[in-house]
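Notes follow the structure.
Quick caveat, the model's predicted, so the values are computed rather than measured. Numbered from 1 within each chain, the chains take letters A, B, ... in sequence-line order.
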2 protein chains.
Amino acid sequence: MYKKFQQTRVNMKLTSKGRYAVMALADLAQFNSVNPVPLRDISLRQGISLDFLEQIFSKLKKHNIVKSIRGTNGGYILNKEPVEIKLANILNAVDEKVKTVQCKKESKKGCNSKTSKCITHNLWDELEVHINYFFEKKNLEDLISNTSESRN
Amino acid sequence: MYKKFQQTRVNMKLTSKGRYAVMALADLAQFNSVNPVPLRDISLRQGISLDFLEQIFSKLKKHNIVKSIRGTNGGYILNKEPVEIKLANILNAVDEKVKTVQCKKESKKGCNSKTSKCITHNLWDELEVHINYFFEKKNLEDLISNTSESRN
DNA sequence: TATATACTTGACTAATTTAGTCAGGTATGT
DNA sequence: ACATACCTGACTAAATTAGTCAAGTATATA
């Protein structure tokens, strides 16, 4: 008899969806002229399934990162300057939240530090801060102007 | 007809196995007296399945992070001083390598930067460095001496 | 106004991974 | 001798990922 999964997974996702979102927006930023860019173009250039792109852009639009123009010769354009679009915004939009789970069952037992259970509590907090700092720091402009390394 | 999964997942794992390994070793470091600590004790204190702990400690032992003492009153002890055991070592031992995949099919097509495909290439590299730096910096001693925040 | 083009929505699913369990061992101290 | 501890590997339910598929709706241009 197998137990059900405990709620133990670490919520630190960075999967294809997030990476594709960043890739696609970087592509969009590069071709961000007066004309809107159709998803089909991005799909071909980046090798990402059109259907998957549509899912992703639907979320990006809801978060006001891009706006869409319908009809023939329509497509997507950035809703802000590349420098204003942080990677944190992008990943957040597609549900790739970087968030570490501290305790095994924090909602049930709380994190009572009288046992040694939560010795790693601070650690995961710090890690979360550390990673989020990276994504807060970077924006789309950083990506397209390929200034390689920079401030750290 | 569904296509097979592309090799697209990001290899940035930090799951229960890694977290448990860190928790267990932090526990071990705290109770690291002359006597070896049996896994059963850690299991009870940290609420981790004994069977799962055995899997984890088997790997930790192979990587010389702990050593085992068999027989009655046996158990595990750290093989080095806590300050010498970096979190990077621990996570590496249990196969939780922090490593981001740069390109979709780097082995097949290579990363030819004439297209805009690899615009995010550097990004994931930098992220990998950024995260690994965190784990290289932290050691077990940092965890048990609860000096909260510190150098960043 | 017809129609092609483009976006929109949501249900669906194979492949993969995670988080363990289970079973049967082997070694060692008292 | 035997209890206690470690050791090994096969196994699997649940969850997630990475999309596919289908059926739309909106809009620009001819």
Rounded off to whole Å, could you give me the [atom1]-to-[atom2] distance for the [X] and [N] pair?
| X | N | atom1 | atom2 | answer |
| --- | --- | --- | --- | --- |
| B:Lys17 | C:dT17 | NZ | P | 13 Å |
| A:Ile69 | D:dA28 | CD1 | P | 9 Å |
| A:Asp51 | D:dG24 | CG | P | 16 Å |
| B:Leu53 | C:dA19 | CG | P | 14 Å |
| A:Asn79 | C:dC7 | CG | C1' | 16 Å |
| A:Lys67 | D:dT27 | NZ | P | 15 Å |
| B:Arg70 | C:dT30 | CZ | P | 16 Å |
| A:Leu50 | D:dT20 | CG | P | 10 Å |

Toward the 5' end of DNA chain C, by each residue's nearest nucleotide, B:Asn73 or A:Phe57: A:Phe57
Both A:Thr72 and A:Gln55 contact DNA chain C. Taking the nearest nucleotide for each, which residue is further toward the 5' end? A:Thr72
Can you check side-chain contact (heavy atoms from CB on, under 4.5 Å) on B:Leu25 and B:Val66, steps first, answer last? CA-CA 9 Å; B:Leu25 284 177; B:Val66 296; 3.6 Å; yes
With respect to the side chain of [X], which nucleotide from [options] is positioned closest?
| X | options | result |
| --- | --- | --- |
| A:Ser58 | C:dA27, C:dA23, C:dT9 | C:dT9 |
| B:Phe52 | C:dG20, D:dG19, D:dC6 | C:dG20 |
| A:Lys61 | C:dT28, C:dC7, C:dC22 | C:dC7 |
| A:Pro38 | C:dA6, C:dA23, C:dT9 | C:dA6 |
| A:Glu54 | C:dT21, D:dT20, C:dT9 | C:dT9 |
| B:Tyr76 | D:dC7, C:dA6, D:dA5 | D:dC7 |

Considering all heavy atoms, the nearest B:Asn139-B:Val83 contact: ND2-O, 3.4 Å
Can you tell me how the ring of B:His130 sits relative to the ring of A:His130, calling it parallel under 30°, perpendicular over 60° and tilted otherwise? parallel
Please check the phosphate of D:dA18 (OP1 and OP2 only) for any side-chain N or O of A:Ser49 closer than 4.0 Å. no
Taking only side-chain nitrogens and oxygens of B:Ser68, does any of them come within less than 4.0 Å of OP1 or OP2 of D:dA5? no
Does some side-chain heavy atom of A:Asp51 sit less than 4.5 Å from a side-chain heavy atom of A:Glu54? yes
The side chain to side chain contact (heavy atoms under 4.5 Å, CB included) partner of A:Leu60 among A:Leu53, A:Leu28, A:Leu78, A:Ile65 is A:Ile65
